[in-house]
Amino acid sequence: MSDPLLALQGIGKSFLGVRVLGGVDLEVRPGEVHAVVGENGAGKSTLMKIVSGVYPPDEGTIEFAGAQRHFSGPRDAQRAGIGIVHQEFNLLPQRTVAENVFLGREPRRRGLVDRRAMLGRAAELLASVGEGSLPPDTRVGRLGVAQQQVVEIVKALALDARLIIMDEPTAALADHEVGQLRALVRRLQQHHIGVLYVSHRLAEVFDLSSRITVLKDGRRVTTVNTDEVTADQLVRHMVGRELSGYYAERAKPDERGPVRLAVRAGGNRILRDINLQLRAGEVLGVGGLRGAGRSALARSLFGVSPFTTGAVTIDGEPVRLRSPRAAMRAGIAYVTEDRKGEGIVAGLSVLDNALLASRAVRPGWAGRGARAARIRDLLAAVELRAAGEDQDIRFLSGGNQQKVVLARWLALGPRVLLFDEPTRGIDVGSKSAIHDLVRRLARAGAAVLVVSSELPELLGLSDRLIVMRDGRIAGELPAGSSEEDVVALAVGTTRESVG
Amino acid sequence: ATDEPATAPSAAASGPAGSGTGEQSKFFVQADYDRELALLDATPAGPDGKPWEQALQPTMVDTAKFKKAGPHKICFSNAGLNNPWRQVGFKTMQAEVDAQRSRIEQFVHIDAEGKDQKQIADINDLLGKGCDALIVSPNTTATLTPAVESACKKGLPVIVFDRGVDTTCPVTFVNPIGGYGFGHVAAEFVSGNMKPGGKVLALRILPGVDVLETRWSAAKVAFDKAGVNVVGVEFTDGDPAKTKKIVNDYLQRYGTIDGVWMDAGAVAVAAVEAFLDAGQPVPPINGEDQLDFLKLWKDRKLTAIAPTYPTYQWRTPVIAALKILDGEQVPSPWKLPQPTITQENLAQYADPDMPPLHYAMCGCTDLPGYPDRWK
Amino acid sequence: MSSALSMPARRASPGVFVALVLTLAIGWLVVAIDGGQLFSVPTTVSLLHVAAGLGLVAVGQTLVVIGGSLDLSVAYVISLSTLVAAETMGGDDAALLPGIGLALAVSAGIGLCNGLLVTKVKINPFIATVGVGLLLKGYLDNGYDGPAGRTAPALVQTLGYQRIGPVPLSFLLLLGVAGAAWFALARTRFGHHLIAVGGDPEVARLSGVRNSRVLVTAHVLCSLCAGLAGIYLASRLGSGAPRVGTEGLYDLESIAAVVLGGTALAGGIGGVAGTVGGVLLLAGIDAIFNQLEVDAFFKQVIRGVIIIAAVAVYAQRVRGRAAP
Amino acid sequence: MEIAERRPLPLRLRRFRAGSLVPIVMLLAVLLVLIAVRQPNFLAPPSLLSFLGRSTPIILLAAGQYFVIVSGEFDLSVGSLVTAQVVVAARLIDSEPSRTWPVVALLLTFGILVGLINGLVTTRLRVPSFITTLGMFLILVGAVYLWSDGAPKGGLSEEFRRFGRRAFEDVPGLGRVQYALLVLLAVATAAVLLSRSDFGRTLVAVGGNPRTAELSGVRVWRAKTIAFVLSGLAAALAAILLGGYSGVSFQAGAGLEFAAITAVVLGGVALGGGRGSVFGAMLGALTLEMLFALLNFYGVSGALKSTVQGAIILLAVAVSSVRSTSR
Ligand SMILES: Nc1ncnc2c1ncn2[C@@H]1O[C@H](COP(=O)(O)OP(=O)(O)OP(=O)(O)O)[C@@H](O)[C@H]1O
Ligand SMILES: Nc1ncnc2c1ncn2[C@@H]1O[C@H](COP(=O)(O)OP(=O)(O)OP(=O)(O)O)[C@@H](O)[C@H]1O
Ligand SMILES: [Mg+2]
Ligand SMILES: [Mg+2]
């Protein structure tokens, strides 16, 4: 057995007083594909960022290629030979593919950026991942999500790194593209390049990796050889309990009320032929691959990018959802998937964040006291854990931030709730609290739509499922469907059924 | 091709330094100072009652080589129109042009907006327009010199007025006695009318404007000679609010202020108001010939004086240009008399019908369009 | 989707050149009707001189704006640079190079100071550069009561007044500097990194760009450009002038030219070519209005309208491109 | 479990976060001490009141600017708006007392209108406010010079001037109480109330994260436009007081936009929006004015003043920015 390429020991990290990683050990050997799995918020990305020099660890040591390292920044880690495909895109939309790929390490000839070499090498790299048809001088902003993901991967490859980290590289890729990536990883392996591979797709993990490390709540649960573990065992390690029974009971058919929200032939630039009905007291799950248009659906219903065709009714009344404000007036609430970017106002207190929507649609001095009291009740009801209502929201954990956002919407007493990735980046405890809340809301008579990329969540929470693909509703599934059913619809391997 | 000037620009001369009111400005030139003070008492030559055609101790120059049949095209490169003084002056100049319409076919005016480099470009630009004579009111003395020199080289008569240039190539340079005279008259009055050894506050507009610098340097000489205690020299940016605040703070700091000297009249009214608002007697003060000050002076019976930098000097360059194009001799330099408004002749200038920022010494009452043009 | 989308990224030519050509064409016509000649040699020379001064500053300003920053101290840097140059030269050709060197060194020092305040002390660039500007203003007001020093005659005769046909040397200098800046943006790592820092500092950092260093360099270059503009003005004026920068409103006008040229104030988008176009547009408007003897104040109103309108047009185009 | 444990932040760090009033109050205290050392009688009520009175215009502008800045924008046009208003007032009143009130009403309308245009161009046409208000600055200055042929015409009536110049004499215990002080009191109260109202809080959210605000039902364009209108209105009030205080001149508003922005930043409001209080902004303006008075009292050479001013501003902002980023 060769010497390890990367050896982490006792890595720990806290953000603003919240411990997200503690005592993590990990080893990657040259030519090894080492998978890291764990639930959302387990700390996988944080660990990867520490290895790639984005954050310094609070504790622990990093040994790479036989020497102890203290990376001063991403550049330092790159120089040492570590490349990373970040989970979030790190691309400049205004720049070309080649410029993005070589950002920070542009090839030079006689001191100048060698544009020809840049384009040439970018083209080679693109070809090596099966995207030879993508011209390297295209602006990244014009690419779709999948192609952007490819650019991210190529950006890491361009480094000639000895260790490549891939943080959910396939989340946006279709099956044939995943195949290309698989071949690529195999090639890296042959060149004795170490790969740290983070993914939620267990099939891939079993297919590619030789060892798997499971993270849970910031700690390493175990590291196992891939061929000595089954998927069920792995999942148990990840969640720490059996999955069944974890989700609250679903609504019984007689608890479902009349149709609250109905869309007929809805469409816009992204969506086509959207027909759906959402009943009071029901949780409708929306599944699909990244970029399938799930968020677009929620955002259309909330008037962010309205339907340009078709008709929407609420409780039988036709409504025009032209803006978020109009949607709010119609009784719709929307919990966004991008909590940091459009869910909270960093710098404002918990209370101000929670009051934001009420203040916007029902301003006035009169009833201020009652309104604040109601918000405090709601914050208590969602079991917010914060130092105080005057605390700056950005010092709260993601789960608690999400609870504040929820309280904001609940204060309006919405009839329809749209949740887009309600538990993204949220730790397990908060997650089940939010699941409970969703269920309680439905039981109280609200119509709930939940978009989620996490199949277990989707399957556990929904009374009914629709699956989207390419901006259309690819099909509908009843409660109790399997993950395979959903995936099959999402990637289009089964015949489309009518939604 | 090149637009290079004939000779390199000469540096600003420097003079004696050191006095109780701080270091003497490097604009101070003893010889000029002496000459200007002597001119204050000189009798002007020229038609009576038309000071804009008069000249002090004139030396005539021959201009026969510029003689040309009219009507003429006269061009004017103006430093700027960014203050009331220049506005009044320019209106006066336009009125003079109108009065001479029979002889002036075209009058081209380009405004440099107070920018040296734009004026240099403007002058260059005007040289391509077939002007018969070029009038320049330079934005800054030293920096406009090369441009004026290159204009001279083109062979057309150049007349400079208001601020000068560091070259003798223009046919004549028109201006009143100048800053030393202004500063001296005001300082003498203030120090002479206040209690001996009293406290004087000097209020200035901006540092670094040569006309204003010479005024202050002459005042400095006068104050030092009179043993006056100049407690502060402050810049107001011509902002009346700032002026009032400064005066207020000085009143608070020193209890009383016994005299106020100003290098320009723009904020004289604000300074007076500061005393009035504080319930203090207005000390001897100088302003300029702006009507708001004259009116306040008259109404409040101030102990005041208004040395002037007369706006009628804007008429003279036009007159000079026509004389030169006729081949007539003109004085060079053309020193205009610089009257002072005192208690005696105040009534004559404080015309209640003119707007507050009008300059009384415009010499414009006989020009076409008076008074509406100036309102 | 607008047709601009179908063009390759690099050649997204800003509309400023269209505006420039239209303005000059209409201007030429109107001036001709008025009996004048917009493109006579002296007028062209004047136009190009005005453009050279503003252009040098604006090219520097482009760099910091692309990097997501801003420099409001340039006007004072220009004034200071004219003085340092002219005083060091003292009218002596022998001191020409030391004069230029010292003026540039002082300017670079101020740029460094701006850059460090923005990146290390993390003061908002607006406040940081206004503050540094105030420091310089005090120094200038206190130390100078008028033009000082004398530019070396050789410099006056060359950079100040020499021209090749109707094109002044100084305009060639501007083209040279603009070319160098364009080259720096397009062909050096610094340029690529600067655009990245302006576009998204976090992406730049994660990609291994040293953001602070890049932004400090941009500030130094911006000040150097302002210093160069100062040297040019010193050669034009024959001496150092403590107020030439502020009188010329170089701070705000340079930003206006940059924005007119299609560079986004938020950073990350834009280029030097557009800025030169913006400068020529402003200088062209100047020249036309000069020819027509239009009131300076009216001109200012028109400038305000043009700046807002031009940026509004860009903004609509960008909106048309971006998702709702 | 250790990992899940959420420790509240140490108190010290929270108290000093950006937007806090601590730095400005400390700075103000230092200046007051320095003035008291040099000029003890400055702290007597009458002179303090008169100082407050003459500082009112810039305080009003800072309050107006606060609303714009906290919403994430800039208003560079206020200085020129003040100048324009004063010049317009002089020309329209033309020393005729009976025209005072109509003209006052007109000025307020004019201020609102300019603010409305700034706001709409910024939010609807998506021109960055830096450019919108810079353009407005050029337009206003140019237009007012153009309209008045380069020299202010007419004159302000005594009735008009009394707002900024006169006082209630002999108020028991206080002496002279300037009318301006009443305006200050009224506007400051209104500004603080407004900043704590639903609108004020919403505006901060708009500056902090316009996307979130929009998705929470806030009409971002409307909120920002109102902020510009408030700034225009503040400029109109400031112009009425300044015109009264010092009479008509083209210099009336010169540089006030930078002074107001500086004051707001000194007061702990973040450029870029989302943090700060209107009270801090007004304290910032007071501090700035006090700084000028201090320089007068200490007889700092007129020409050196800007250096001292620049140094103090950089220092003050640096101290609070280092504090707020060193978490
Ligand atoms: N910069 C940050 N500031 C504060 N908290 C952070 C930061 N980055 C991550 N966290 C928190 O740290 C925890 C771990 O996040 P991390 O992104 O590492 O999870 P993950 O395992 O990659 O999850 P996912 O599967 O969703 O990608 C989360 O609770 C997250 O909210
Ligand atoms: N503003 C936009 N302009 C152009 N295309 C967009 C825009 N927003 C989304 N899209 C495209 O629309 C499609 C649907 O995106 P959407 O965000 O709804 O996907 P999703 O299913 O929610 O996936 P995820 O949230 O996991 O990324 C994607 O192909 C995306 O690239
Ligand atoms: Mg992750
Ligand atoms: Mg989504």
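All values below were derived from every heavy atom in this structure, side-chain atoms included, with hydrogens, water molecules and symmetry-related copies excluded. A note on names: the letters A, B, ... follow the listed sequences, proteins ahead of strands, and every chain is numbered from 1.
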[X] portion near chain D, given a 4.5 angstrom heavy-atom threshold:
X        : answer
B:Asp239 : both
B:Lys242 : neither
B:Asp292 : neither
B:Leu203 : neither

>> For B:Lys245 and B:Glu234: C-alpha separation, side-chain torsions, deciding distance, then whether salt bridge (Lys or Arg N to Asp or Glu O under 4.0 Å) applies.
In response: CA-CA 11 Å; B:Lys245 290 175 187 175; B:Glu234 295 284 351; over 6 Å; no
> Any idea which of B:Asn83, B:Asp277, B:Leu357 has the most non-hydrogen atom pairs under 4.5 angstrom with chain D?
Replying inline: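 Result: the option with the highest number of such pairs is B:Asp277.
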Is any side-chain N of the basic residue among [X] and [Y] closer than 4.0 Å to the acidic one's carboxylate O?
X        : Y        : value
B:Glu273 : B:Arg300 : no
B:Lys295 : B:Asp299 : yes
B:Asp353 : B:Lys375 : no

Which portion of [X] sits near chain B, non-hydrogen atoms under 4.5 angstrom:
X        : value
D:Phe297 : both
D:Tyr145 : side chain
D:Arg161 : side chain

> Can the ring centres of B:Tyr359 and B:Tyr309 be said to be less than 6.0 Å apart?
Replying inline: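 No; B:Tyr309 has its ring centre 6.0 Å or more from that of B:Tyr359.
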> Given B:Ser137, which of B:Gln313, B:Arg86, B:Gln119 fulfils the side chain to side chain donor-acceptor pair (under 3.5 Å) condition?
Replying inline: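 That would be B:Arg86; it is the only one of B:Gln313, B:Arg86, B:Gln119 passing the side chain to side chain donor-acceptor pair (under 3.5 Å) with B:Ser137.
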